[in-house]
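Only one structure is covered here, and it is reproduced in the block below.
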Amino acid sequence: MAFMAAYSSFATFHVHTHGSNPPLATFHGSQLKWKGRRNPSSCKVRVGFAAKAMSSDSNDSAKQMKFVYDQMEPMEKCKQLDTSPSPHSLSLFSPSKINVFLRITNKRPDGFHDLASLFHVISLGDTIKFSLSPMSTKDSLSTNAQGVPLDDRNLIIKALNLYRRKTGFKQFFQIQLDKKVPTGAGLGGGSGNAATALWAANQFNNCVASVKELQEWAAEIGSDISFFFSHGAAYCTGRGEVVQDIPPPISLDTPMVLMKPQQECSTAEVYKRFQLNKASTIDPLHLLEEISNNGISQNVCINDLGE
C-alpha cells in the first residue's frame, strides 16, 4: 500500500502520447512527473491491459477467453471459462497498478493510515497457473523469483486459505508463479496475485461467490487487494480497501516506460517514517474532480509519501 517517490527503490514510468517520441511524463513510484527525458534501458508497458485466461479439461484440450477491464461494463457475474462445471487448470494474468495521486489523511488507532488515492492498472503483470492438487492438506507454490516466500506468508496462499474459510471449499492447489512485477516497488504485484488467486479458486468452485463478495473478503488480508476487482481505475479510501470505480483518467492504450532500481522498499518501514504533519492539505476530492474535468497534470499528482 506504500508508494514513496522519495525512496530510490520505487519504480519510474515514462508516459507517451500517441505520435510523441520523448516521454511527456514520468511516474516515479506513485508520483507523476512531467518531463521530456528518455531512458532506453527501461521496460515498456501500457496503462491498461487485456488479460488472457486459459482452462484445460481432463483431456488436456484448452479453451481461451480474453477479458478486458471495462469501466462501462460492471462484472456482476463471475465469468465462466469453460462449459464444464469447473476447470482443471487455469493460467491467469495478474496485473499491477500505479497511483495517480496519494493522500494520507489520518493515523488510525489500529496503527494503519487512512488514505485517498486514485489507483490505475497497467499492463505489467505476472502469470499464475493454478492446477488441482492431489494433496488434501496443503497448497504447493513455486516461482521463478528469488526471495518470494512460498509458504502462508505469501498473499496467494493467504488468499486461497481465506477462500476456503469463507466457502468451505476443500480443494488445494499447485501454483506456478511467473513473476514479472518487481517486489518492493509500490506496484501492488502481491495484491494483484492475491486477487487473482481468489478469482481462480472461485472458478474451480463453480463461482459460488459473487465478485462483490470476493472484493469484500479481500480486505481481510490486504489493503490493496480489493482494487483488483475493480474495472481498471478507482478512487480508493480507508486503508485502500474502499473502492469506487471511475472512468480511467488515462487512455488505456497509453504507452509507458517503467524503471525499477535494485533496492526494495518495505511498506511498513515507509509508513513508520511517515510524518502526518508534513502531508499535503489539499482535498483529495478536489484532485479527483480536477482530473475528471481536465485530465492529468503535475499539479494534481500529489504524493504524501514522497514528501
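These numbers come from the heavy atoms of this one structure, side chains and all, not from hydrogens, waters or symmetry mates.
- By the 4.0 Å N-to-carboxylate-O rule, Lys179 lies close enough to Asp126 to be salt-bridged with it.
- The main-chain N or O of Pro149 is found under 3.5 Å from a side-chain atom of Asn154 such that the two form a donor-acceptor pair.
- Residues His88 and Ser131 are not in side-chain contact: their nearest non-hydrogen atoms beyond the backbone lie 4.5 Å or more apart.
- By the rule that hydrophobic residues join a cluster once side-chain heavy atoms approach within less than 4.5 Å of another member, Met135 and Phe130 end up as members of separate clusters.
- Considering only heavy atoms from C-beta on, Ser280 comes within 4.5 Å of Arg103 through its side chain.
- When hydrophobic clusters are built by joining Ile, Leu, Val, Met, Phe, Trp and Tyr residues whose side-chain heavy atoms come closer than 4.5 Å, directly or via intermediates, Leu132 is grouped together with Ile156.
- Judged by distance alone, the side chain of Ser96 and the main-chain N or O of Leu124 form a donor-acceptor pair under 3.5 Å.
- Note that OG1 of Thr196 and CG of Leu92 are 6.5 Å apart. Values are rounded to the nearest 0.5 Å.
- Taking both residues in full, the closest heavy atoms of Gln203 and Cys207 are given as NE2-SG, 3.7 Å, listed atom of the first, atom of the second, then distance.
- With rounding to the nearest 0.5 Å, the separation of OG in Ser142 from CD in Gln176 is 4.5 Å.
- Figure legend: Arg164 and Phe169 shown without cation-pi pairing, the cationic atom not lying both under 6.0 angstrom from the six-membered ring centre and within 45 degrees of its axis.
- Atom CG in Leu155 sits 10.0 Å away from atom CG in Asp224 (nearest 0.5 Å).
- To the nearest 0.5 Å, atoms OG (Ser89) and CD (Gln174) are separated by 9.5 Å.
- With hydrogens and angles ignored, the 3.5 Å screen pairs no side-chain donor or acceptor of Arg239 with any backbone N or O of Asp114.
- For the side chain to side chain contact (heavy atoms under 4.5 Å, CB included) with Tyr235, the qualifying choice from Leu288, Asp245, Leu287 is Leu288, the only one to do so.
- Using a 4.5 Å cut-off on side-chain heavy atoms (C-beta onward), Cys236 and Val242 make no contact.
- Under the 4.5 Å side-chain heavy-atom criterion for ILVMFWY residues, a single connected hydrophobic cluster contains both Trp217 and Ile221.
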**Asked** After noting the C-alpha distance and the side-chain angles of Asp178 and Ile128, does the key distance pass the side chain to side chain contact (heavy atoms under 4.5 Å, CB included) rule?
**Response** CA-CA 6 Å; Asp178 182 10; Ile128 313 177; over 6 Å; no

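- Side-chain N or O atoms of Thr143 include one that pairs as donor or acceptor with a backbone N or O of Leu177 at under 3.5 Å.
- Closest non-hydrogen pair, Ala218 versus Ile225, comes out as CB-CG2, 3.4 Å.
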**Message:** Checking Phe101 against Ile291 for the side chain to side chain contact (heavy atoms under 4.5 Å, CB included) test, could you report, in this order, the C-alpha distance in whole Å, the side-chain angles of both residues, the deciding distance, and whether it holds?
**Reply:** CA-CA 10 Å; Phe101 65 79; Ile291 290 171; 3.7 Å; yes

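- Asn202 contributes no side-chain N or O that, together with a main-chain N or O of Leu198, makes up a donor-acceptor pair within less than 3.5 Å.
- Judged purely by atom type and a 3.5 angstrom limit, Ser223 has no side-chain atom pairing as donor or acceptor with the backbone of Gly240.
- For Glu213 (side chain) and Ser210 (main-chain N/O), a donor-acceptor pair under 3.5 Å exists by modelled atom type.
- Checked by atom type, the side-chain pair Asn161/Asp152 shows no donor-acceptor distance below 3.5 Å.
- Between Phe204 and Phe173, a ring centre-to-centre spacing shorter than 6.0 Å is recorded.
- What you find for Ala233 and Pro248 is that their closest heavy atoms are CB-CA, 3.7 Å.
- Both Leu90 and Val208 are members of a single hydrophobic cluster when ILVMFWY side chains are connected at heavy-atom separations under 4.5 Å.
- A side-chain donor-acceptor contact under 3.5 Å links Gln215 to the backbone of Ser226.
- Both Ile302 and Leu285 are members of a single hydrophobic cluster when ILVMFWY side chains are connected at heavy-atom separations under 4.5 Å.
- The CD atom of Gln171 lies 10.5 Å from the CG atom of Leu160; values are rounded to the nearest 0.5 Å.
- With hydrogens and angles left out, the side-chain atoms of Asn99 and Ser117 include a donor and acceptor closer than 3.5 Å.
- At a threshold of 4.5 Å between non-hydrogen side-chain atoms, the residues Ile246 and Ser292 do not count as touching.
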**Message:** Determine whether Asn106 and His113 satisfy the following criterion, side chain to side chain contact (heavy atoms under 4.5 Å, CB included), listing intermediate values before the conclusion.
**Reply:** CA-CA 6 Å; Asn106 185 42; His113 290 76; over 6 Å; no

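- A donor atom on one side chain and an acceptor atom on the other are found under 3.5 Å apart for Asn205 and Tyr163.
- For Lys158 and Glu220, the salt-bridge test fails: no basic side-chain N is under 4.0 Å from an acidic carboxylate O.
- Listed for the Thr127 side chain is no donor-acceptor partner under 3.5 Å among the backbone atoms of Phe93.
- Phe228 places a side-chain heavy atom less than 4.5 Å from the side chain of Lys97.
- In this structure, Ser230 OG and Gln244 CD are separated by 11.5 Å, a value rounded to the nearest 0.5 Å.
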